[in-house]
Every structure is written in structure tokens, then in C-alpha cells.
Amino acid sequence: MNQVPFIAVEGAIGAGKTTLASMLAAELDMPLLKEIVEENPFMERFYQNLDEWSFQLEMFFLCNRYKQLGDTESKLIRQGQPVVSDYHIYKNLIFSERTLKGREREKYRQIYHVLTDDLAKPDIIVYIKASLETLLARIAKRGRSFEQDMDHAYLEQLIEDYESAMSSLAVTEPETTIITVDGDSTDFVADPEHFAHIVSQVKSRISSGHPR
Ligand SMILES: Nc1ncnc2c1ncn2[C@@H]1O[C@H](COP(=O)(O)OP(=O)(O)OP(=O)(O)O)[C@@H](O)[C@H]1O
Ligand SMILES: Nc1nc(=O)c2ncn([C@H]3C[C@H](O)[C@@H](CO)O3)c2[nH]1
């Protein structure tokens with residue numbers, strides 16, 4: 001077991017992961033690990049034609065996160081440094097199980113396990129659970145052009161996929177503490193009390209020795 005906390009913020013598209021992870025990293029004085037999005041060369045084409053581009057897109061995300069987390073593990077976690085990340089590596093499987101089919105899905109699963117099974121897993125997941133309405137409002141507010149015509153059914157499905165994924169992680173990674181934040185009623189950006197409540201939940205998990 002690691003000696004320092006590794007915290008991942010998770011939730012469906014636009015839930016506020018990067019925002020909350022940045023706030024937590026600043027508040028807890030921890031380095032921030034942010035996922036690479038804009039550099040993904042398949043992003044725009046993927047949203048125009050999911051079936052055609054999903055394998056390339058999922059492989060790009062997987063390889064990037066594998067490299068990023070591997071580096072973070074050797075440079076920070078194993079050196080006794082805590083980390084806050086705006087994703088959990090498991091996210092790859094949540095998306096790929098939804099976007100890939102048949103042989104591609106099966107091959108991806110195998111590659112996923114080969115690459116990630118021995119990577120450090122977070123001790124704490126802060127899971128932002130938000131409704132379709134909230135996610136759509138945040139996606140519109142952020143204004144990334146390639147996301148503006150996103151199929152609502154895809155997003156709705158991902159909300160359910162995240163729910164199932166968090167339930168299965170609770171079983172498969174019992175040492176991980178999952179803190180669920182209601183992303184509809186909690187506004188950690190506008191309301192300092194809401195943010196303070198999340199911080200105190202995280203701190204209590206760290207100081208109670210669970211995890212680490
Ligand atoms: N609690 C909040 N209240 C209001 N706006 C928010 C809140 N959290 C995030 N936002 C805004 O919503 C948008 C999406 O947030 P953010 O980029 O943090 O989401 P994300 O979960 O990291 O997205 P993605 O899944 O695309 O990586 C941003 O414009 C951000 O400023
Ligand atoms: N298909 C797919 N697989 C992933 O692993 C993945 N990770 C993020 N995304 C999409 C969501 C946002 O639009 C944008 C930023 O998070 O990229 C993904 N899409």
C-alpha cells in the first residue's frame with residue numbers, strides 16, 4: 001500500500017472533474033495530474049462518427065493515460081508525493097465498453113488489462129454524480145465546439161455506465177474510498193461551504209488512515 005494519498009476525481013462528461021481536481025490540488029497543496037484532451041487528433045472526428053473513429057480514439061486515450069500515470073507513479077507516488085488527478089484509469093473501460101463492439105472491444109479489453117493492471121490505483125475517488133440537464137448546461141458553458149452536438153442518448157448512457165462502474169469499483173477495489181458528490185445540488189465553484197464540505201470529507205479519509 002502507498003504511503004501518500006492518490007486522489008482521482010471522476011464523473012461523466014462535463015461533470016466538473018478538472019474544475020474540482022484543480023481546486024482540491026490547490027487547497028491540499030498537491031500536484032495536479034490533468035488528462036490530455038485537445039491534443040487528441042481523433043476527438044472531432046469521433047463526435048461526428050462514433051462507429052468509425054472509436055477504436056483510434058480509445059487507443060489514443062489509453063496510451064496517453066498509461067504513459068502519464070506511469071510517469072506520475074515513478075516521479076511522484078513512489079517518491080512519497082501525493083497526487084490529485086482529474087481521471088481514474090478505469091475511465092478507459094467505461095467509455096470503451098460503450099463505444100466499441102465485437103473484436104475491437106475484446107482486443108481493447110486485453111490491451112487495457114495488460115497496460116493498466118499493475119498501475120497505482122487511487123485511494124480516494126471523488127465521484128461527481130450529475131444529471132443529463134446539469135451536464136448539458138456545463139458542456140454548453142465550456143463551449144468546446146466538437147461537443148456541442150453530442151448525442152443526448154450517448155451522454156445519458158454514460159451517466160448510467162458511471163453509476164455501474166462506481167458500484168463495481170466498490171467491489172473490485174475495496175481499498176478505494178468513494179466519496180459521492182451530488183453535482184446537481186452541490187456547487188463547489190460558487191459556494192465555498194460546499195467546497196469546504198468536500199475538502200473535509202477528503203481530509204477525514206486521509207487522516208483516519210483510511211486510506212493509507
Ligand atoms: N460546480 C459547478 N458549477 C458551475 N459550473 C461548473 C461547475 N463545475 C464545473 N463547471 C463548469 O462546467 C464546465 C465543465 O467543467 P470541467 O471542464 O471541470 O468538467 P470535466 O468533468 O473535467 O469535463 P470532461 O469530462 O469533458 O473532461 C466548465 O466550463 C466549468 O467551468
Ligand atoms: N470515447 C471516449 N473515451 C475516453 O476514454 C474519453 N475520455 C474523455 N473523453 C471525452 C469526453 C469529453 O468530450 C472529452 C474530455 O474529457 O473527451 C473520452 N471519450
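Counting convention: from 1, in listed order, for ligands and their atoms alike.
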Item to check | Interatomic distance, Ser96 atom OG to Phe55 atom CZ [nearest 0.5 angstrom] | outcome: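 Between Ser96 OG and Phe55 CZ, I get 10.0 Å after rounding to 0.5 Å.
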Checklist entry - Atom CD1 of Ile179 and atom CD1 of Ile128: how far apart are they, to the nearest 0.5 Å? => result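 CD1 of Ile128 is found 11.5 Å from CD1 of Ile179.
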Next on the checklist: Tell me whether Asp86 reaches ligand 1 (any heavy atom closer than 4.0 angstrom to a ligand atom).
Outcome noted: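 It does not; every heavy atom stays at 4.0 Å or beyond.
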Checklist entry - Out of curiosity, is Ala15 lining ligand 1, as in a heavy atom under 4.0 Å away? => result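 Distance cut 4.0 Å: Ala15 passes for ligand 1.
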Checklist entry - Considering all heavy atoms of both residues, which atom of Ala120 and which atom of Ile77 are nearest to each other, and what is their separation? => result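 Closest approach of Ala120 to Ile77, heavy atoms only: CB-CD1, 4.2 Å.
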Checklist entry - Does Ile94 approach ligand 2 within less than 4.0 angstrom via side chain, backbone, both or neither, non-hydrogen atoms only? => result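 Contact part for Ile94 vs ligand 2: neither.
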Next on the checklist: With a heavy-atom distance limit of 4.0 Å, tell me whether Tyr154 approaches ligand 2 through its side chain, its backbone, both, or neither.
Outcome noted: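 The answer is the side chain of Tyr154.
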Item to check | Residue Leu57 vicinity, atoms of ligand 2 by number, heavy atom under 4.0 Å | outcome: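 Those qualifying, in numeric order: 1 (N), 2 (C), 19 (N).
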Item to check | Distance filter under 4.0 Å to Phe46 heavy atoms, resulting ligand 2 atoms | outcome: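 Every atom of ligand 2 under 4.0 Å from some heavy atom of Phe46: 1 (N).
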Please state which protein non-hydrogen atom is closest to [atom] and give its distance, to 0.1 Å?
{"atom": "atom 3 (N) of ligand 2", "value": "Glu58 OE1, 2.7 Å"}
{"atom": "atom 25 (O) of ligand 1", "value": "Lys17 NZ, 2.6 Å"}
{"atom": "atom 3 (N) of ligand 1", "value": "Asp187 OD1, 3.1 Å"}
{"atom": "atom 2 (C) of ligand 2", "value": "Phe95 CD2, 3.2 Å"}
{"atom": "atom 19 (O) of ligand 1", "value": "Gly16 N, 3.2 Å"}
{"atom": "atom 18 (C) of ligand 2", "value": "Phe61 CE1, 3.3 Å"}
{"atom": "atom 27 (O) of ligand 1", "value": "Glu35 OE2, 3.5 Å"}
{"atom": "atom 10 (N) of ligand 1", "value": "Arg138 CD, 3.7 Å"}
{"atom": "atom 17 (O) of ligand 2", "value": "Met43 CE, 3.3 Å"}
{"atom": "atom 28 (C) of ligand 1", "value": "Arg142 CB, 4.1 Å"}
{"atom": "atom 15 (O) of ligand 1", "value": "Thr19 OG1, 3.6 Å"}

Tell me if the [atom1] atom of [X] is crowded by more than 12 foreign heavy atoms within 6.0 Å.
{"X": "Asp117", "atom1": "CG", "result": "yes"}
{"X": "Lys129", "atom1": "NZ", "result": "no"}
{"X": "Asn49", "atom1": "CG", "result": "yes"}
{"X": "His197", "atom1": "NE2", "result": "no"}

Checklist entry - With a 4.0 Å cut-off, would you call Glu35 and Lys17 a salt bridge? => result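 Salt bridge: no.
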Checklist entry - Any salt bridge between Glu106 and Arg103, counting N to O under 4.0 Å? => result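 Salt bridge absent between Glu106 and Arg103.
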For [X] and [Y], take the angle between the two ring planes, folded into 0 to 90°, and tell me which bin it lands in: parallel under 30, tilted 30 to 60, perpendicular over 60.
{"X": "Tyr127", "Y": "Tyr162", "answer": "parallel"}
{"X": "Tyr108", "Y": "Tyr112", "answer": "parallel"}
{"X": "Phe146", "Y": "Tyr47", "answer": "parallel"}

Item to check | Glu35 to ligand 2, any heavy atom closer than 4.0 Å | outcome: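 Distance cut 4.0 Å: Glu35 passes for ligand 2.
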Checklist entry - Would you call Tyr47 a ligand 2 contact, heavy-atom distance under 4.0 Å? => result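 Tyr47 counts as a contact of ligand 2 under the 4.0 Å cut-off.
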Checklist entry - Can you check whether Ile94's main-chain N or O pairs, donor with acceptor, with Arg98's side chain at less than 3.5 Å? => result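 Side chain of Arg98 to backbone of Ile94: no pair is present.
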Checklist entry - With Ile124, which of Val9, Ile206, Thr176, Ile178 fulfils side chain to side chain contact (heavy atoms under 4.5 Å, CB included)? => result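 Only one of Val9, Ile206, Thr176, Ile178 forms a side chain to side chain contact (heavy atoms under 4.5 Å, CB included) with Ile124, namely Ile206.
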Checklist entry - Ser22 pairs by side chain to side chain contact (heavy atoms under 4.5 Å, CB included) with which of Leu24, Thr19, Thr18? => result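 Exactly one candidate clears the test, Thr18.
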Checklist entry - N/O of Thr18 under 3.5 Å from N/O of ligand 1, yes or no? => result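 Among all N and O atoms of Thr18, at least one is under 3.5 Å from an N or O of ligand 1.
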Next on the checklist: Test your reading of the structure: does Lys141 have an N or O sitting under 3.5 Å from an N or O of ligand 1?
Outcome noted: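 Yes - when backbone and side-chain N and O of Lys141 are compared with those of ligand 1, one distance drops under 3.5 Å.
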Next on the checklist: Would Glu147 count as being in polar contact with ligand 2, using the rule that some N or O on each side must be under 3.5 angstrom apart?
Outcome noted: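 Between Glu147 and ligand 2 (N or O atoms, distance only) the closest approach is under 3.5 Å.
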Checklist entry - When only distance counts, is Arg144 in polar contact with ligand 2, meaning an N/O pair under 3.5 Å? => result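 So ligand 2 has no N or O lying under 3.5 Å from an N or O of Arg144.
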Checklist entry - Counting heavy atoms only, which of Met150, Lys91, Arg65 comes nearest to atom 5 (O) of ligand 2? => result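 It is Arg65 whose heavy atom sits nearest to atom 5 (O) of ligand 2.
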Next on the checklist: Need the ligand 1 atom indices (1-based, order shown) with element for anything under 4.0 Å from a heavy-atom of Arg144.
Outcome noted: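 Those atoms are 26 (O).
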